[in-house]
Amino acid sequence: MGKIALHWFRHGLRLHDNTPLQKAIAGCTSLIPLYILDTEYFKPGKVGINRMGFLLDSLKALDTDLRAIGSRLYVAKGDPEEVIGKFIKEHKIGAVSFERDTEPYNKVMDGKIINLTKELNVEAFPLWGHTMFDPEYLLALNNGDAPLTMTSFLRLMSEAGDPPKPIDPPKSLPPPPADSLVCKDVFIFQGVPTLSDLTEYEFNPKDYTTWFVAGEKEGIRVMNEFLAQKRRVSTFEKPKTDPTALQPDTTALSPYITRGSLSSRTFYHGLKDTLKGMKSSKPPVSLKGQLYWREMAYLIGFSVPNFNQMEGNPICKQIPWLTGDDAKALLDKWEMGQTGFPAVDAVMNQLRTEGWMHHLARHLVACFLTRGDLWVTWELGRDVFEKHLVDADWSINNFSWHWLSCSAFFHQYFRCYSPIAFFKKTDPNGNYIKKHVPILAKFPDKYIYEPWTAPKGIQIACACIIGKDYPKPMVEHQFVCQENKSRMKKAYDTSKKRDSGEPPAKKLKQNNLSKYRTK
DNA sequence: GCCGCGTTGAATAA
DNA sequence: TTATTCAACGCGGC
């Protein structure tokens, strides 16, 4: 009798550059490719329809790709530890492979699964693959701590060199034990579920409106299409791209990389090959730089305790943000695109309908919610982004909210985005606003960023009365922005005093690289 | 302790 | 278009 292996798909919803999958199939005669929808991880109410729809479409595409090489995907629902335990026992699984993860919840889960395989005496292949490098290796290379500045991270990258080359997808896979698998007390969907199969989320399929097409094939296609534009690749500078462009001015690869449909190593080496012998922009603004930002965010998320909150987070400035019901009322207006600032509302409308917006557009609205205008805790804004984004990514999202709220990494709180001025630089006519806040579409260009300044006659002619059909601005930007800057100064001064009061215990730094030396 | 720097500010001056 | 100023920064190298 041959050996049955189970490959548990985590983030890496792909066949190319999938090391744990390759390990699993090396010694087995039958393979169970399994995805587990964990409703603790994807909590109903916390996950929006575009994010979930994109996940399901990614699974559907994965199933199609698996079927093309003699296999298929099984989708179960429940707690991964329970599900995998039951599968091992009932199906006499001999080996379990999966991609290790850096997020706190998933790290704990990794440990549980590893223990489970030990208890049941099953071979296990928990391997890194969602990042370019093994994060434990990078930490060891950096004496145990994650670098907190891009400059120091780039130093670490130059020590680490190129990440491993991506490995090819398998040409065929061992067949599953049966087309219709059952497992006692485990809920297994018939095929890949659709949005309406997930009744506990109460989605209305009509609201699934993102334009992104999911899947590994599509991710690779989009990447290749971008890489073919050599000039665009070699001159790419992130801060110079246009947040108000009606078609993405960046690669828009983030949903594929986040879902693991596209390997970050594949993109890295694709860039390297494309730019061979060419002059090109440099990190951190270049495309390679964007991969480094991602890698840095993952390493920090992996090693900093309580990285998803302010309290107990050693790198996070302690700032007396609004929380609770006061914050919730402001947050709701922000989330629903009802702030009265057309630029902010356009971005939030794009978030809810498309599940994606340009990086600088995220900056504008994140600054507005926190240190710029509303003084609402970044944790709540983070949750809203995480709910709606098709590229929702725990590490990058938390990293960016630290940055924008001046809680860590970036500290020049006096540099504040203006909800009126910022988009005028790239979109003086307000075309982006006219698209995403259609009720304002008739306003003359000169009023599009400040419609409340339009004379009553013009408001009537545009069939949009400010304060009735579209809200008045919820704050006076100039005023609150100044007030918040002094609040920030106060919070920074307080934290300085506290820091000097109790010097941090000297940490013993140790370079523990020996276990990574292969030759 | 000083100084230069930091992926992506705004307003103003030249 | 580019440089300077704006009250307001921390980090890290020296």
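Note on naming: letters A, B, ... go to the chains in the order of the sequence lines (proteins, then strands), and numbering restarts at 1 for each one.
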**OP:** In whole angstrom, give the distance that lies between atom OH of A:Y417 and atom P of B:dT7.
**Re:** 13 Å

**OP:** Taking only the side-chain nitrogens and oxygens of A:K496, find out if one of them lies under 4.0 Å from OP1 or OP2 of C:dG10.
**Re:** yes

**OP:** Taking only Lys NZ, Arg NE, NH1 and NH2, and the carboxylate oxygens of Asp or Glu, determine whether A:R259 and A:D393 approach each other closer than 4.0 Å.
**Re:** no

Original post:
Taking everything shown except A:K424 itself, do over 12 heavy atoms lie less than 6.0 Å from its NZ?
Top reply: yes

Original post:
Are A:F414 and the base of C:dC9 stacked, counting only ring centres nearer than 5.5 Å and planes tilted under 30°?
Top reply: no

**OP:** Ignoring backbone atoms, test whether A:K489 places a side-chain nitrogen or oxygen under 4.0 Å from the OP1 or OP2 oxygen of C:dC9.
**Re:** yes

Original post:
When you check the phosphate oxygens OP1 and OP2 of B:dA10, does a side-chain N or O of A:K425 lie under 4.0 Å from one of them?
Top reply: yes

Subject >> A:L364 CG - B:dG9 C1' separation (whole Å) >> reply: 11 Å

Original post:
Would you call A:K107-A:D110 a salt bridge at under 4.0 Å N-O?
Top reply: no

Original post:
When all nucleic acid strands are considered with a 4.0 Å heavy-atom cut-off, which category describes A:T241: base, sugar-phosphate, or nothing?
Top reply: nothing

Original post:
Does C:dA8 pair with anything, Watson-Crick or G-U wobble, both distances under 3.5 Å, and if so, with which nucleotide?
Top reply: none

**OP:** Select base, sugar-phosphate, or nothing to describe what A:M488 touches, counting heavy atoms under 4.0 Å on all strands.
**Re:** nothing

**OP:** Among the candidates C:dA8, C:dC11, B:dT7, find the nucleotide nearest to the side-chain atoms of A:K485.
**Re:** C:dA8

Original post:
Where the side chain of A:H411 is concerned, which of B:dG9, C:dG10, B:dT7 is the nearest nucleotide?
Top reply: C:dG10

**OP:** Please confirm whether A:W401 and A:F385 have ring centers closer than 6.0 angstrom.
**Re:** yes

Original post:
Which part of the nucleic acid does A:Q290 contact within heavy-atom distance under 4.0 Å: base, sugar-phosphate only, or nothing?
Top reply: base

Subject >> Salt-bridge present (A:K288, A:E295; N to O < 4.0 Å) >> reply: no

**OP:** Spell out yes or no: do the side chain of A:Q482 and the base of C:dA8 have one donor N/O and one acceptor N/O closer than 3.5 Å?
**Re:** yes

**OP:** With DNA chain C as reference, determine whether A:L148 or A:Y492 sits nearer its 5' end, using the nearest nucleotide of each.
**Re:** A:Y492

Subject >> Watson-Crick or G-U wobble partner of B:dT7, both distances under 3.5 Å >> reply: none

**OP:** Please state the P separation for the pair B:dC5 and C:dT4 - nearest whole angstrom.
**Re:** 14 Å

Original post:
Rounded to whole angstrom units, what separation is found between the CG atom of A:N142 and the C1' atom of C:dG12?
Top reply: 14 Å

Original post:
Quick one: do A:R362 and A:D391 make a salt bridge, cutoff under 4.0 Å?
Top reply: yes

Original post:
Expressed in angstrom and rounded to an integer, what is the separation of A:F479 atom CZ from B:dA10 atom P?
Top reply: 21 Å

Subject >> Whichever of A:Q478 and A:L360 has its nearest DNA chain B nucleotide further upstream toward 5' >> reply: A:L360

Original post:
So, is A:R155 close to the C:dG12 phosphate, meaning a side-chain N or O under 4.0 Å from OP1 or OP2?
Top reply: no

**OP:** Starting at atom CD of A:Q412, determine the distance to atom P of C:dC11, rounded to an integer number of angstrom.
**Re:** 12 Å

Original post:
Which of the following nucleotides, C:dA8, B:dA10, B:dT8, is nearest to the side chain of A:F422?
Top reply: B:dA10

